[in-house]
Visitor: 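Following this message is one structure expressed as structure tokens.
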Amino acid sequence: MLPAVTFKGVTKHFGPTLAVNDISFEIRPGRVHALMGENGAGKSTLMKILAGVHQPDAGKIAIAGRQVCFANPSQALAAGVSTVFQELSLLPNLSITENMFLGKEIMGRFGSPHRAEMAQRTKEALSELGMSLDPNTLVSELSIAQRQFVEIAHGIKADAQVFILDEPTAALNAADVQVLNARIEKLKAKGKAIVYISHRMDEIFAICDDVTIMKDGAHVATQSLSDLTPERLITLMVGRELNDLFPDRARDLGPVRLSCQDLRLTPEASPLSFDLHSGEILGLAGLEGQGQSEIVRSMIGQYAANSGKVRIGSQTVLLPVTASAGVRNMQQLSLGFVPEDRKEEGLLLGAAIRENIGIGLQSARPGFKPLAKVADVTRRIMADLNIKAGSSTTPVGTLSGGNQQKVLLGRYLASDMDILIIEEPTRGVDIGAKVEIYRLLRELAQRGMAILVLSRETVELIGLCDRLLVVHDRKIVSELAGAEASEHNILNAALTS
Amino acid sequence: MTNVLRSAARIPPAYIVFVILLATLWLTKPQLMNANVMGIFVRQVAPLGILVLGQLLVMRVRSIDLSGAGVLLLVNYMIASGLLGDLPLPLILLVSLGIGCLVGLFNGYLVAKRRVSAVIATLAVTVIIGGFVQFVASGKPPGNMPELMNDIYKMKWGPVPLPVVLWVALTAVMAVFLSRFVYGQFVMAVGENPTASHFSGVPVERTVLMAHVIAGLFAGIAAIVQSAAVAVGSLRLGLEMPIDAVAATILGGVIFGRGDGGVWGPFFGVMCFALLFVSMTSFGVPEPGKQIARGLIILLAAIFYGLNTRKT
């Protein structure tokens with residue numbers, strides 16, 4: 001049988017950077033083909049070449065044995081290559097249907113768009129993914145996970161032969177991933193070829209058949225996944241073993257830095273309390289959407305909790321706090337909040353690294369004062385965190401996910417906070433950068449910082465945290481020591497509460 | 001083709017238009033190229049230039065201010081009609097600036113705190129002030145400006161008219177304020193992404209509010225200079241000025257949320273208006289023709305705005 005896609009010597013430069021270096025391998029039909037590598041390894045560039053976004057400098061691509069050369073994404077789509085990209089590309093002010101059919105509206109009689117027909121097809125595409133959303137809902141009203149599903153539905157409703165899924169699960173929880181996997185199985189049964197990019201090891205082994213590993217733009221290996229173990233795969237990707245991922249835990253804890261007392265998220269909820277010590281990394285674990293995010297966001301006024309108080313040092317903050325002043329009040333108490341959505345809530349993508357790191361320091365000053373000097377601190381942080389960029393004036397939007405995340409963390413290091421609350425410390429970040437971020441957080445804790453972490457990746461929480469609080473139904477149902485926690489007993493604690 | 005257009009779109013078009021207009025004048029009417037003639041024409045746009053300083057600030061924080069016309073009208077009427085009685089001139093001017101700030105504060109409150117659409121809110125403020133002035137004037141034309149104001153307006157520093165000196169000085173102050181002070185970083189951050197700014201601790205509402213107050217202050221200054229220029233009070237003063245200000249700002253490369261052109265881009269946007277008036281006058285184009293040319297400049301700004309927003 002002809003391979004669905006054949007890469008032969010594909011090469012792509014961006015200026016002096018060699019993003020994709022002489023890549024050759026085949027993707028077979030009826031198989032799910034994982035593409036693995038650290039961020040910046042060239043996976044996304046290679047897929048963008050396949051999808052017609054970029055044109056290769058050298059090399060050939062064949063679809064089902066026929067050589068192709070795409071000048072733009074619509075040519076690729078016409079040739080049967082459909083893509084779900086990593087960046088959310090939906091337009092927030094349009095409805096789901098309008099997004100799904102953007103640029104290829106079905107026309108009715110009299111040349112006006114056939115709304116009912118498009119809405120119906122959207123509904124079908126969504127229900128194939130187990131979603132019962134009203135197709136007329138505005139995208140801006142959807143959660144990130146729902147948007148991701150719409151994006152996936154958009155990509156796989158096309159009648160294509162090759163599907164590229166670039167980190168489709170970055171914003172999804174375990175149940176959602178199951179639904180997506182079922183959909184992928186169906187595509188596979190129809191003989192389609194699926195390219196699957198993800199940083200989640202368990203998913204790769206659950207769904208994929210073959211794997212191609214890339215490093216620094218070059219091809220490392222292409223083989224069947226059944227011949228590999230996760231450890232072996234990671235070693236191929238980064239040349240490091242899995243148990244080296246996480247640093248040692250804290251030996252002893254310092255005094256209580258933050259004490260959350262009698263927090264009720266809703267009037268009906270039973271109160272919850274916890275302490276965060278200097279020198280520890282505390283994690284909020286449990287099934288997704290059980291109130292972990294609301295607990296931390298209520299402290300900065302991004303969620304209006306019903307009642308409760310937060311004690312930091314000798315200061316007491318009564319909840320709920322106002323949205324407009326929440327972040328600034330907490331910064332004055334030396335608490336930094338690192339939001340999950342680094343593109344929307346975290347970084348100023350068009351601004352320089354220096355400005356992104358410095359803005360925390362600047363915002364602690366009155367507006368009429370001269371700028372705080374940030375050149376030295378930026379240089380130090382870029383060196384300490386190993387941020388790879390041309391210079392401190394490089395716009396943050398051009399950096400890889402891992403480097404962006406480091407810049408975001410760097411902002412709070414520059415401000416020298418005592419307490420950090422971090423949502424998803426390593427979302428969409430490759431393994432190499434993850435290891436660096438874990439090590440950094442541990443170093444900060446050792447220097448006396450108190451760190452509270454939220455993560456969808458339970459393995460990450462277990463490996464990183466000294467203590468875990470299992471949250472279920474807006475309550476803390478169990479406390480586990482990090483060294484004793486496992487995915488099994490966290491789930492058990494959540495479900496038997 | 002679009003690539004060429006897009007890379008050209010990175011340079012604020014104000015500079016390009018300015019060079020083209022200057023070259024045209026130089027080749028066709030070299031006799032106009034002397035400091036005295038040019039000074040007169042540049043002086044004419046000084047009030048617009050000062051108004052633009054406020055406009056570029058509010059546009060960088062993703063807002064807009066169309067209430068400049070209202071401030072102009074009110075300040076002009078107030079000074080010309082002797083509404084404040086026998087107050088000494090400096091005090092009258094101070095009250096004028098206060099009016100500008102108050103209008104700005106009101107705009108800022110509506111836009112930043114109440115989240116009202118900036119276009120509608122500031123336009124409504126202009127309409128209200130216009131009606132108020134009509135009501136107070138009850139049909140009577142206002143009187144003359146104090147002569148002292150017109151005398152100062154006509155003074156020169158070397159070959160440069162005093163209003164132009166004031167305009168350049170204020171522009172320089174603004175450039176330093178935005179690039180060297182914390183508030184400038186707040187403006188940059190809010191323009192870039194208000195949500196991320198909020199999460200990084202930038203006082204977003206206060207930044208937008210202050211931008212409107214400062215824009216109001218500049219409108220007050222512009223109103224004083226414009227009043228000094230006309231010598232006689234009027235009930236139809238500067239109605240088109242806010243739109244010109246928006247056009248000059250966009251030509252200068254400052255677009256909602258983005259400040260590529262800095263402060264000097266819009267400065268040259270205003271200079272384009274000045275050169276345009278010189279060319280028109282020297283070629284004997286009558287008033288309606290000037291009107292059409294002005295419209296074309298605004299249209300050019302709109303096209304440039306479209307190009308630039310598609311890029312992102």
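Chain A is the first sequence line, chain B the second, and so forth, proteins listed ahead of strands; every chain is numbered from 1. Only heavy atoms go into these numbers, but all of them, side chains included; no hydrogens, no water, no symmetry mates.
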Visitor: Flag the one option from Gly336(A), Gly326(A), Pro339(A), Gly358(A) with the top tally of heavy-atom pairs under 4.5 Å to chain B.
Guide: Pro339(A)
Visitor: Minimum heavy-atom separation for Glu344(A) to Thr195(B), with atom names?
Guide: O-CB, 3.6 Å
Visitor: Quick check for you: among Ala325(A), Ala351(A), Gly360(A), which has the greatest number of heavy-atom pairs under 4.5 Å with chain B?
Guide: Ala351(A)
Visitor: Does any heavy atom of chain A fall under 4.5 Å from the side chain of Glu205(B), the backbone, both, or neither of them?
Guide: side chain
Visitor: Answer with side chain, backbone, both or neither: which region of Ala323(A) has an atom nearer than 4.5 Å to a non-hydrogen atom of chain B?
Guide: backbone
Visitor: Hey, are the side chains of Leu349(A) and Asn193(B) touching, using non-hydrogen atoms and a 4.5 Å cut-off?
Guide: no
Visitor: So which atom in Gln185(B) and which in Leu371(A) form the shortest heavy-atom distance, rounded to 0.1 Å?
Guide: CG-CD2, 3.2 Å
Visitor: Got a sec: does the OH of Tyr303(A) have more than 12 other heavy atoms crowding it under 6.0 Å?
Guide: yes
Visitor: Can you see which heavy atom on Val182(B) is nearest to which on Gln362(A), and at what distance?
Guide: CG1-O, 3.4 Å
Visitor: Taking side chain as everything from C-beta outward and backbone as N, CA, C, O, which of these in Pro203(B) sits under 4.5 Å from a heavy atom of chain A? Side chain, backbone, both or neither.
Guide: both
Visitor: May I ask you to name which of Leu348(A), Asn329(A), Leu361(A) has the most heavy-atom pairs under 4.5 Å with chain B?
Guide: Leu348(A)
Visitor: Minimum heavy-atom separation for Gly201(B) and Ser363(A), please, with both atom names.
Guide: O-CB, 3.3 Å
Visitor: On a heavy-atom basis, which atom in Tyr412(A) and which in Phe199(B) lie closest, and how many Å separate them?
Guide: OH-O, 3.7 Å
Visitor: Is the number of heavy atoms from other residues, nucleotides or ligands within 6.0 Å of CZ (Phe177(B)) greater than 12?
Guide: yes
Visitor: Heavy-atom pairs under 4.5 Å with chain B: which of Pro370(A), Pro366(A), Ser324(A) has the most?
Guide: Pro370(A)
Visitor: Answer with side chain, backbone, both or neither: which region of Leu408(A) has an atom nearer than 4.5 Å to a non-hydrogen atom of chain B?
Guide: neither
Visitor: For Ser197(B), is it the side chain, the backbone, both or neither that has a heavy atom under 4.5 Å from a heavy atom of chain A?
Guide: both
Visitor: What's the spacing between Phe368(A) CZ and Tyr183(B) OH if we round to 0.5 Å?
Guide: 13.5 Å
Visitor: Which residue out of Ser200(B), Gly191(B), Gly184(B), Pro194(B) racks up the most heavy-atom pairs below 4.5 Å with chain A?
Guide: Ser200(B)
Visitor: Would you mind checking which part of Arg411(A) comes under 4.5 Å of any heavy atom in chain B, side chain (CB onward), backbone (N, CA, C, O), both or neither?
Guide: side chain
